[in-house]
Amino acid sequence: MLQKDIIKKIENYLNKEKEFVNLDFSKLSLFTPKNIAHGDFSTNFALIIASELKINPNELANKITSTLLKRKDKFFDKIEVAKPGFINFTISKEVYQNLLKRINQLGNKFGSSKKNKKRVLIEFVSANPTGFLHVGHLRNAAVGDSISRILSFSGYEVTNEYYLNDYGGQIKLLGESLQSRVYKILGVDKEMPEGGYQGEYLVDLAKILTTKKEKRFLLKSEIKYFSSVATDYFTKEIKKDLEPLNISFDSWFSEKKDIHESRYLDKVKRLLDSKNGIYFQDNAEWIKTSEFGDDKDWVIKKSDGNSTYFMNDIAYHQNKFEREFDLIVNVWGADHHSHISRLKASMNLLSNQTEKLLFVLIQFVRLVRDNKDVSMSKRSGTYTTIKDLLKEFDSDLVRFLMISRSSDTHFDFDFDKCKSNSEENPVFYIQYANARINSILKKSPLDKWNFKNVLLLNEDKEINLIKRLLNFTEIVSESAENLAPHKIAFYLQELASEFHAYYKSTKVLVEDDKILNGRLILLSSIKIVLINGLNLLGVSSPDKM
RNA sequence: GCGCCUGUAGCUCAGUUGGAUUAGAGUGCCAGAUUACGGAUCUGGAGGUCGAGGGUUCGAAUCCUUCCAGGCGCGCCA
């Protein structure tokens, strides 16, 4: 929030001088320098303009700065030029101190943006309803949900959607597998189909089914029946798996109902046809994606008459576009990256604005136990579901770790290192800061606060903490723009660390009521930011722990 | 073979979209801190040719290019 004020002030100052009126202020941006000695904010404005006009950047910076100094008010403490042409600004302490009031007034809204009337659809998880969610889906779920929270905090109207793949060959196979399990329990011989679902969990489902339904009924039922029983069951289980993680969806898009039974697929096919995007070859139908940015064409209708997964996906995305979102975010596993170019090509063919379509690719998580990779050991029985993982680790830790790296890096989840009480538990560190603050606030004898007392927060540590708090706004908008929740995780760790150090060096509950008051206001501001930040990650912030 | 992602301290990772003599954090290692509000905390130290070479410019971990290494994907499966 400070940056905008500063830029405005600079523009206002310079606009009053004839020689600067023509400057392109859209190039004026601020950054916070790494080195504290360089002030609170810097701009490379002079460097950029000078290189365009081919003049000496240092001279330009000097000219600009002397103009700024002529007009500067109490807002700025210092404005200086540094080689080769940076202009550095130091803001007055008072400005910082007084902003604490704003943080406290805004409370859980601090860091958020006003509603911008833009609608976002974010699709994530979308695991097939053929089993329980496992660790592979977890990172996707955590990242998707955090992005959703961040966007919504940033003013977007967000819809979380789960694409339910409840149709097609795999679902038929699932039905056959369940039927085979059921028949076996009923004492009727029926072979497991080739490539069928072998998992024990289907046996469990079969048991439930045989106690609920009559034998005669089950033996008469078609595959379709078993398919729908199974998909209904797993859909419910998936919802249950997500519940303890605090993840829920506004919309469940059923492939079966919303694409096939509704005949929506045919509509999109006709649309493709009307754009002259389809041709026949080898007894199948192909889409001309190669003419719209992909490197080859793809089959959309197989020679057996069924549509391909890809065709269904085209229809699904056409549907997303028809629902008129301003932004469509797909959180996909990295193994689907090749689908991006062909999907974009197809959407181009349908003349949609594909710049609205964004992708977040999630790299795989490697599970490590005793220095061994356990993520791939489905066969050996150490196949880890979300249910299993949550028995060992709490949801806060799991969610935090899953978003704590940028999603396009591979990431090791080391069981041994992540035991709840270990020092590798960054969540604790952050939550602990909040709990400490809370306990101090409780002990405070003051029943009334006067915000004028913030002026007594004069120590460097205190001013730096305020700067860090104000930075939260920027971090939120950065992570929204980049769809990158990990930025918030890193920020919170830094903030917690700075608080712990302050706590250690400075006693808050002092005799002097005014100083006490100032510090309490600071602490309560820190608490606000910690809680708001943790919320964006779907992590709780307990008062006691 | 082609495409995408990754390569930064012993390990796990950040690095503000090209910015400022000294490239950061956690962990691990070494050495310290409590008659204070929660020690599950804090302070200090050692540790790097940013995978390698070349290029672009005032300025490169960041952009371009070649190469090396790892992961993933290249179906009329979903």
Side-chain angles (χ1 to χ4, degrees), chain A residues 30-35 37-38 42-44 47 50-51 56-58 82-86 88 128 130 165 167-171 173 195 255 281-286 295-296 298-313 333-341 361-364 366 368 401 404-414 417 420-426 428-429 431-433 435-444 471 474-475 478 481-482 486-487 489-491 493-494 496-497 499-510 516 519 523 544-545:
Chain A
L30 296 174
F31 63 93
T32 53
K34 284 176 203 160
N35 192 335
H38 293 140
S42 298
T43 180
N44 57 359
L47 284 165
S51 80
N56 185 315
N58 221 32
K83 280 191 282 186
F86 292 102
N88 298 332
N128 295 352
T130 55
N165 210 292
Y167 183 91
Q170 289 302 313
I171 297 303
L173 193 62
E255 181 184 344
Q281 191 183 299
D282 303 330
N283 225 7
E285 286 180 31
W286 300 68
D295 51 1
K296 58 174 285 200
W298 298 91
V299 170
I300 53 171
K301 190 176 179 183
K302 299 183 264 184
S303 47
D304 69 3
N306 289 316
S307 59
T308 59
Y309 165 81
F310 180 44
M311 179 61 221
N312 300 335
D313 221 19
D335 52 337
H336 282 66
H337 75 256
S338 60
H339 293 245
I340 294 178
S341 55
L361 284 183
I362 311 286
Q363 290 292 344
F364 292 120
R366 219 178 97 223
V368 178
L401 288 176
S404 66
R405 319 265 128 101
S406 90
S407 2
D408 53 13
T409 62
H410 312 271
F411 156 49
D412 290 352
F413 186 101
D414 191 322
K417 284 187 184 166
S420 315
N421 285 333
S422 132
E423 304 213 339
E424 292 247 0
N425 186 338
F428 189 91
Y429 187 77
Q431 289 177 326
Y432 183 52
R436 267 184 158 172
I437 291 173
N438 198 59
S439 120
I440 292 177
L441 291 175
K442 260 192 178 170
K443 282 189 178 151
S444 148
N471 199 230
E474 266 175 72
I475 297 289
E478 261 172 44
E481 262 171 53
N482 298 305
H486 75 276
K487 287 176 189 282
F490 276 89
Y491 169 82
Q493 291 183 79
E494 285 163 8
S497 155
F499 162 72
H500 284 306
Y502 175 67
Y503 172 92
K504 202 71 191 177
S505 69
T506 313
K507 187 174 178 184
V508 176
L509 295 174
V510 289
L516 166 63
R519 293 185 179 161
L523 259 58
K544 282 187 206 164
M545 34 198 314

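Order of the sequence lines fixes the chain letters, A, B, ..., with proteins taken first and strands second; residue numbering starts at 1 for each chain.
A:Asp408 places its CG atom 13 Å from the C1' atom of B:C13, with the value rounded to the nearest Å. The CG atom of A:Asn58 sits 14 Å away from the C1' atom of B:G59 (whole-angstrom rounding). Put simply, CG on A:Leu47 is 16 Å from P on B:U57, counting in whole angstrom units. Put simply, CG on A:Leu401 is 12 Å from C1' on B:G26, counting in whole angstrom units. One interatomic measurement links the two molecules: CZ of A:Phe499 to C1' of B:G38, which rounds to 10 Å at whole-angstrom precision. For the pair A:Lys507 NZ and B:U35 C1', the interatomic distance rounds to 11 Å; values are reported in whole Å. Distance CE (A:Met545) to P (B:G39): 13 Å, rounded to an integer number of Å. In this structure, A:Asn44 atom CG and B:G18 atom P are separated by 11 Å, rounded to whole Å.
Using P as the reference atom, B:U65 and B:U22 are 31 Å apart when rounded to the nearest Å. To the nearest whole angstrom, the two P atoms, one in B:U57 and one in B:G70, are 35 Å apart. Rounded to the nearest Å, the gap between the P atom of B:G53 and that of B:G45 is 30 Å. The C1' atoms of B:G38 and B:U21 are separated by 42 Å, rounded to the nearest whole Å. Between B:U16 and B:U6, the two P atoms lie 13 Å apart (nearest whole Å). The gap from the C1' atom of B:A31 to that of B:G55 amounts to 46 Å, rounded to the nearest Å. Nucleotides B:U35 and B:A46 place their C1' atoms 34 Å apart, quoted to the nearest Å. Using atom C1' as the reference point in both B:G18 and B:C63, the two lie 8 Å apart (nearest Å).
Of the two residues contacting RNA chain B, namely A:Gln493 and A:Ala82, the nearest-nucleotide position lying further toward the 5' end is that of A:Ala82. Toward the 5′ end of RNA chain B lies the nearest nucleotide of A:Ser407, the other residue of the pair A:Ser407 and A:Ile440 mapping further downstream.
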Polar atoms only, N or O, under 3.5 Å: list the protein pairs with nucleotides 42-46 of chain B and their distances.
residue : atom : partner  : partner atom : Å
B:C42   : OP1  : A:Tyr429 : OH           : 2.2

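Of the inter-residue distances, the one linking A:Asn471 atom CG with A:Glu478 atom CD reads 8.0 Å to the nearest 0.5 angstrom. Interatomic distance, A:Arg519 CZ to A:Lys507 NZ, rounded to the nearest 0.5 Å: 10.5 Å. For the atom pair A:Phe86 CZ and A:Thr43 OG1, the distance stands at 9.0 Å (nearest 0.5 Å). To the nearest 0.5 angstrom, A:Asn44 atom CG is 6.0 Å from A:Phe31 atom CZ. Separation of atoms CG (A:Asp313) and OG1 (A:Thr308) is listed at 9.0 Å; rounding is to 0.5 Å. Between atom NZ of residue A:Lys487 and atom CD1 of residue A:Ile475 there is a gap of 7.5 Å, rounded to the nearest 0.5 Å.
Here the shortest heavy-atom pairing between A:Leu523 and A:Ile437 reads O-CG2, 3.5 Å. Scanning both residues, A:Ala489 and A:Ser404, for their nearest heavy atoms gives CB-CA, 4.2 Å. Shown here for A:Tyr429 and A:Gln493, the closest heavy-atom pair between the two residues is CE2-O, 3.9 Å.
Once the 5.5 Å centre distance and the 30° plane angle are applied, the aromatic ring of A:Tyr503 is found stacked with the base of B:C37. A stacking contact links A:Phe428 to B:A40: the aromatic ring centre lies within less than 5.5 Å of the base's six-membered ring centre, and the planes differ by less than 30°. In this pair, A:Phe490 does not lay its aromatic ring on the base of B:A25; centres under 5.5 Å and planes under 30 degrees do not both hold.
Using a 4.0 Å heavy-atom distance criterion, A:Thr409 is classed as a sugar-phosphate-only contact. Using a 4.0 Å heavy-atom criterion, one finds that A:Tyr432 contacts the bases of the nucleic acid, with or without backbone contacts as well. Counting non-hydrogen atoms under 4.0 angstrom, A:Ser42 reaches a base of the nucleic acid. At a threshold of 4.0 angstrom between heavy atoms, the contacts of A:Thr506 include nucleobase atoms, whether or not backbone atoms are also involved. Residue A:Asn88 is classed as a base contact, given a heavy-atom separation below 4.0 Å to a base.
Looking only at distances, no side-chain donor or acceptor of A:Trp298 sits under 3.5 Å from a matching main-chain atom of A:Phe310. A:Asp282 places no side-chain N or O within donor-acceptor distance of the main-chain N or O of A:Ala284, the cut-off being under 3.5 Å.
Between A:Asn312 and A:Ser307, the side chains place a donor N or O and an acceptor N or O closer than 3.5 Å (distance only, hydrogens not considered).
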For A:Gln363 and A:Thr409, run side chain to side chain contact (heavy atoms under 4.5 Å, CB included): C-alpha distance rounded to whole Å, both residues' side-chain angles, the deciding distance at 0.1 Å, then the answer.
-> CA-CA 6 Å; A:Gln363 290 292 344; A:Thr409 62; 5.8 Å; no
5' to 3', nucleotides 72-78 of chain B under a 4.0 Å protein heavy-atom cut-off (B base, S sugar-phosphate only, - none) gives BS--BSB
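In this structure, the nucleotide among B:G38, B:U16, B:A36 sitting nearest to the side chain of A:Thr32 is B:U16.
Taking only side-chain nitrogens and oxygens, A:Lys442 never comes nearer than 4.0 Å to OP1 or OP2 of B:C37. A:Lys443 has no side-chain polar atom (N or O) that falls below the 4.0 Å cut-off from OP1 or OP2 of B:A36.
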Based on Watson-Crick and G-U pairs with both distances under 3.5 Å, what dot-bracket line describes RNA chain B 5' to 3', crossing pairs as [ ] and inter-strand pairs as |?
-> (((((((..((((.....[....)))).(((((.......))))).....(((((..]....))))))))))))....
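Below 30°, between 30° and 60°, or above 60°: for A:Phe499 and A:Tyr503 the angle between ring planes is between 30° and 60°, a tilted geometry.
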